[in-house]
Amino acid sequence: FESKGNNIMFTIRTTRTFHKKRFPVLFDTWLKRVNGSNFFMVTDGEDTVYENKAKEYGMHYVIVFCGKDYGRWSLCCKSGEEMKLMSLPENQHYDWFCHIDDDIYIIHENIVDLLSLYNPKTEPIYIGRAGSYWQYPRKVSDKQTLISDKSLKFHFAVGGLYCLSRPMLEKVKPWLGDGRTMGDTCNKLLEPEDVSVAATVELLAKEKLTRTKLFHPHGLILSKMVNPTTLKKQIGFAYGCGQLCGYAAYKDNAIKVPNAIFPFSEDPSRFKSLHCHLYPDDSLCNR
């Protein structure tokens, strides 16, 4: 490969319903700075606007047939189809698989630097953020039907952003190898996609979560957990407010951006303000 990081497959999981709501800010900010050929937009319907946008950026637009709802089986099926992309003959050159939700901002050069510290050709690696109360192990459900020992506990990476090396993908393939297989695994575990990935890694494949505090995905109190002076050193951030929007105490939950040039009303995700903090010469920042 010609440039550092071209051995990483990035998949952005989305749904046709959210394209107009979530894609514009991604294409206006961090997606402008990546090698599009390594990015796969995994969605559930045709959309001429974003199919053309993906083509313009050199990205892959992939439609999967897993249902269009946000139920457990549908989301797990989509994630399984994402992982299946790594097994295609034309994608054998990728050493890493990184899942990204459609409401995450990535500092691309930082995630490339982090993953370069590991040997993805021989080491089975599952890397993500175990944060908030999720730093404590989670016990398998008493009602799940996949793992016989119902006293077992495991750690999982908070959803929205995690990476697996190819050797790890091979180890979990019997349970997560494609959409239907992963959907069935999630249903047996009675867990959502991110938790099911972790349970499979730790309890079935007998591997461990490699932790990083540089990912700041869903469910974290972003306004308190991210030091504004260290933004340039981080890797990923969830959309402002995010999953905690429903809780009054966290209605303004978002990263704090020093000297933000966009007000919250114009930039509720804080992605535009963050982008201009990181790359002030970008055309977006000429205000």
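Treat the numbers as computed from the prediction; the structure is a model and nothing was measured. Position 1 is the first residue of the sequence; numbering continues from there.
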> How far apart are the C-alpha atoms of Asp194 and Val158, what are their side-chain angles, what is the distance that settles it, and do they pass the side chain to side chain contact (heavy atoms under 4.5 Å, CB included) test?
Replying inline: CA-CA 7 Å; Asp194 52 351; Val158 185; 5.6 Å; no
> Within a strict 4.5 Å, meaning less than it, do heavy atoms of the Leu114 and Thr212 side chains meet?
Replying inline: yes
> So, are Arg166 and Asp95 salt-bridged, with charged N and O less than 4.0 Å apart?
Replying inline: no
> Taking all non-hydrogen atoms of both residues, which atom of Asn227 and which atom of Thr229 are closest, and how far apart?
Replying inline: OD1-OG1, 2.8 Å
> Any sub-3.5 Å donor-acceptor pair from Trp96's side-chain atoms to Gly5's backbone N or O?
Replying inline: no
>> Who clusters with Leu190? Use side-chain heavy atoms, under 4.5 angstrom, across I, L, V, M, F, W and Y, and order the result by chain and number.
In response: none
> What residues, two or more places apart in sequence or in another chain, satisfy side-chain hydrogen bond (donor to acceptor under 3.5 Å, both in side chains) together with Thr122?
Replying inline: Asn119
> SG/Cys285 to CD1/Ile261 distance, rounded to the nearest 0.5 angstrom?
Replying inline: 4.5 Å
> Just by modelled atom types, is the Ala157 backbone N or O under 3.5 Å from a matching donor or acceptor in the Arg129 side chain?
Replying inline: no
>> The test is side chain to side chain contact (heavy atoms under 4.5 Å, CB included); show your working for Val195 and Phe154 and say whether it passes.
In response: CA-CA 9 Å; Val195 182; Phe154 61 98; 3.6 Å; yes
> Do the side chain of Thr185 and the main chain of Leu176 share a donor and acceptor less than 3.5 angstrom apart?
Replying inline: no
> Does Asp47 offer a backbone N or O that forms a donor-acceptor pair with the side chain of Glu51 under 3.5 Å?
Replying inline: yes
> Can you tell if the side chain of Cys276 reaches within under 4.5 Å of the side chain of Leu284, non-hydrogen atoms only?
Replying inline: yes
> By side chain to side chain contact (heavy atoms under 4.5 Å, CB included), which residues pair with Ser74, not counting sequence neighbours?
Replying inline: Asp69
> By side chain to side chain contact (heavy atoms under 4.5 Å, CB included), which residues pair with Glu266, not counting sequence neighbours?
Replying inline: Phe262, Pro263, Arg287
>> Does the plane of the ring in Phe23 sit parallel, tilted or perpendicular to the ring in Phe27? Use 30° and 60° as the thresholds.
In response: perpendicular
>> Looking at Asp267 and Ser273, would you say the former's side chain and the latter's main chain have a donor-acceptor pair under 3.5 Å?
In response: yes
>> Could you tell me if the side chain of Cys163 sits less than 4.5 Å from the side chain of Leu115, heavy atoms only?
In response: yes
>> If the condition is ring pair (Phe, Tyr, Trp, His ring centres under 6.0 Å), which residues does Phe97 pass it with, not counting sequence neighbours?
In response: none
>> What verdict does the side chain to side chain contact (heavy atoms under 4.5 Å, CB included) test give for Lys78 and Thr15, after you've listed the backbone C-alpha separation in whole Å, the side-chain angles of each residue and the deciding distance to 0.1 Å?
In response: CA-CA 10 Å; Lys78 265 186 192 170; Thr15 179; 3.6 Å; yes
> For the atom pair OG1 (Thr200) and CG (Leu189), what is the distance rounded to the nearest 0.5 Å?
Replying inline: 5.5 Å
> If you measure from CD1 on Ile106 to CZ on Arg33, what distance do you get to the nearest 0.5 Å?
Replying inline: 14.0 Å
>> Strictly by salt bridge (charged side-chain N to carboxylate O under 4.0 Å, His left out), give each pair with a member in residues 173-192 just once, sequence neighbours left out.
In response: Arg138-Glu191
>> Under the ring-ring contact (aromatic ring centres under 6.0 Å, His included) definition, can you give me all pairs with a residue in residues 159-214, not counting sequence neighbours?
In response: His99-Tyr162
> Is the number of heavy atoms from other residues, nucleotides or ligands within 6.0 Å of CG (Asn259) greater than 12?
Replying inline: no
> What residues form a side chain to side chain contact (heavy atoms under 4.5 Å, CB included) with Glu90, not counting sequence neighbours?
Replying inline: Leu88
>> Less than 4.5 Å apart, side chain to side chain, heavy atoms only: is that true for Cys66 and Met182?
In response: no
>> Are the side chains of Val201 and Met168 in contact, using a 4.5 Å heavy-atom criterion?
In response: yes
>> Parallel, tilted or perpendicular: which one describes the rings of Phe10 and Phe39, with boundaries at 30° and 60°?
In response: parallel
>> A cation-pi test, strictly: NZ or CZ of Lys21 under 6.0 Å from the centre of the six-membered ring of Phe18 and no more than 45 degrees from its axis. Yes or no?
In response: yes
>> Once rounded to the nearest 0.5 Å, what's the spacing between atom OG1 of Thr14 and atom NE2 of His19?
In response: 4.5 Å
>> Once disulfide bond (SG atoms under 2.5 Å apart) is applied, what residue pairs with a partner in residues 179-213 remain, sequence neighbours excluded?
In response: Cys76-Cys186
> Between His275 and Phe271, is the ring centre distance below 6.0 Å?
Replying inline: no
> Sequence neighbours excluded, which residues qualify as side-chain hydrogen bond (donor to acceptor under 3.5 Å, both in side chains) partners of Lys171?
Replying inline: Glu207
>> Restricting to side chain to side chain contact (heavy atoms under 4.5 Å, CB included), what partner residues turn up for Asn187, sequence neighbours left out?
In response: Arg72, Trp73
> Would Ile147 and Leu152 count as a side chain to side chain contact (heavy atoms under 4.5 Å, CB included) if you check the C-alpha gap in whole Å, the side-chain angles of each, and the deciding distance to 0.1 Å?
Replying inline: CA-CA 9 Å; Ile147 297 167; Leu152 292 179; 3.8 Å; yes
> Do any N or O atoms from the side chain of Lys150 and from the backbone of Val140 form a donor-acceptor pair under 3.5 angstrom?
Replying inline: no
> Is any side-chain heavy atom of Tyr105 closer than 4.5 Å to a side-chain heavy atom of Val25?
Replying inline: no
> Counting only N and O atoms by type, is there a donor-acceptor contact under 3.5 Å from the side chain of Glu123 to the main-chain atoms of Ile125?
Replying inline: no
> What are the two closest non-hydrogen atoms of Ile107 and Gln234, and how far apart are they?
Replying inline: CD1-O, 3.4 Å
> Between Gly177 and Lys84, which heavy-atom pair has the shortest distance, and what is it?
Replying inline: O-CB, 3.6 Å
>> A side-chain contact here means heavy atoms from C-beta on lying under 4.5 Å apart; do Leu209 and Phe156 qualify?
In response: no
>> So which atom in Ala254 and which in Phe264 form the shortest heavy-atom distance, rounded to 0.1 Å?
In response: CB-CE1, 4.0 Å
> How far does OH of Tyr57 sit from CE of Met41, to the nearest 0.5 angstrom?
Replying inline: 10.5 Å
> Are the side chain of Asp44 and the backbone N or O of Arg16 linked by a donor-acceptor pair below 3.5 Å?
Replying inline: yes
>> Restricting to non-hydrogen atoms, name the atom on Tyr70 and the atom on Leu75 that form the minimum distance, rounded to 0.1 Å.
In response: O-CD1, 3.7 Å
>> For His60, give me all partners under ring pair (Phe, Tyr, Trp, His ring centres under 6.0 Å), at least two apart in sequence or on another chain.
In response: Phe40
>> Are more than 12 heavy atoms, taken from residues, nucleotides or ligands other than Gln92, located less than 6.0 Å from that residue's CD atom?
In response: yes
> Which atom names give the shortest non-hydrogen contact between Ile111 and Cys98, and what distance separates them?
Replying inline: CD1-SG, 4.3 Å
> In Å and rounded to the nearest 0.5 Å, what is the NZ to OH distance from Lys53 to Tyr61?
Replying inline: 14.0 Å
> Hey, does Leu204 have a side-chain heavy atom less than 4.5 Å from the side chain of Val172?
Replying inline: no
